[in-house]
Amino acid sequence: MNTPSKLAYVPFVSVENMMKLVHRVGLRTVMSEIAAFIEDDFKRWEAFDKTPRVASHSDVGVIELMPTSDGEMYGFKYVNGHPANMARGLQTVTAFGLLAEVASGYPVLLSEMTILTALRTAAMSALAARYLAPAGARVMAVIGNGAQSEFQCHAFAELCGIETVRLFDIDPAATAKAVENLAGSGLQVISCATPEAAIEGAQIITTCTADKQCATILTDNMVGPGVHINAVGGDCPGKTELHRDILLRSDIFVEYPEQTRVEGEIQQLSGDHPVTELWEVMRGVKRGRSGAAQITLFDSVGFAIEDFSALRYVHQKARETGLFRDLDMIADPDDPRDLFGMLMRAK
Ligand code: NAD
């Protein structure tokens, strides 16, 4: 069991410990508990410093920093998005993050966030769907069966009662992997040959593809009345998944409009197109789904507060389980002004 001895040692949750933590607590429990942390934080929206993430774009991808603070704690995530990585045997999205106490500025947690991002993205999607999906939705189509997809399936099963998932990917190997990974999940898993087949009978459509372009994963005629769309993969300027006409027929819900208007599906619309902020729906100030025929769209891009919530959760769980190790990351001279002396004595 690891107990941090002093503030200068930073508890570090490695990939190995994150995996142990998920298995110790249970995958679905972790996602449902992260969703509860996100919901709590979204309900106290005004407490947070908010800024669109800071993105550094290249021809092949993006590297982003996502900071926020609630005045007591400060958190940030480093995350990349490189759709061509997969062909090189690398992941599209990798991440790590840090939580610090505002009072001293000292970090209190450094954590892997590649797995944690998949957990929190799925938790956020399912949480949004609880407010937006049609009542009694049991079937979800999942288009794009890469790294995020199984997490999405489990989160929707746990938080929304989804019983059947209909999978499609342009690469059949991705679908085969997801089918295998979801065996024994309790979900009915149906592998589909086309996106049109995947959406048949689905009340929820999740798109989580990766392509560095404005793609048309869903065309207008594929989306019938009453459907909820969980659009996860359009999250960068010039990287979208839905035909513009779908947006014009949908009520659109976003995390943080200042960021989503640049990165989300709504970059295809004018800057004043009406959208609803999810924190207002969670707070009960605005309505989520208001009718059976309404098309609801969660234009997910991923916002810093979700990562803050996820880090807050891991900070608590790491202390409870001891699944971390201390990193000697902060210099700690006996006399705080004698940094130089400490260095020289180490010779
Ligand atoms: P991934 O590369 O592991 O998987 C993407 C899958 O999409 C691949 O299997 C690929 O074959 C498939 N695909 C590409 N074009 C397609 C098409 N036209 N039709 C069907 N399938 C297609 O990526 P991932 O880690 O699963 O991430 C998926 C997307 O989600 C990425 O775009 C990523 O940037 C985004 N993402 C968003 C958030 C968020 O908070 N909104 C968080 C994490 C990742």
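First listed ligand is number 1; within each ligand, the first listed atom is number 1.
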Using a distance-only test with no angle check, is there a side-chain donor-acceptor pair under 3.5 angstrom linking [X] and [Y]?
| X | Y | answer |
| --- | --- | --- |
| Asn85 | Gln91 | no |
| Asn221 | Thr219 | yes |
| Glu33 | Tyr313 | yes |
| Asp299 | Thr260 | no |
| Gln152 | Gln148 | no |
| Glu263 | Tyr256 | no |
| Thr296 | Arg289 | yes |

For [atom], which protein heavy atom lies nearest, and how many Å away is it?
| atom | answer |
| --- | --- |
| atom 11 (O) of ligand 1 | Asp169 OD1, 2.6 Å |
| atom 3 (O) of ligand 1 | Ala147 N, 2.9 Å |
| atom 31 (C) of ligand 1 | Thr209 O, 3.5 Å |

* Asked: Strictly under 4.0 Å, does any heavy atom of Arg120 approach an atom of ligand 1?
  -> yes
* **Any Ala215 heavy atom less than 4.0 Å from ligand 1** => no
Are any of the N or O atoms of [X] closer than 3.5 Å to those of ligand 1?
| X | value |
| --- | --- |
| Phe168 | no |
| Gly233 | yes |
| Lys239 | yes |
| Glu306 | no |
| Ile217 | no |

Shortest reach to [atom] by a heavy atom, considering only [options]:
| atom | options | value |
| --- | --- | --- |
| atom 26 (O) of ligand 1 | Gln91, Gln148, Glu255, Lys177 | Gln148 |
| atom 22 (C) of ligand 1 | Thr260, Ile170, Leu167, Val62 | Ile170 |
| atom 4 (O) of ligand 1 | Pro83, Ala210, Gly146 | Gly146 |

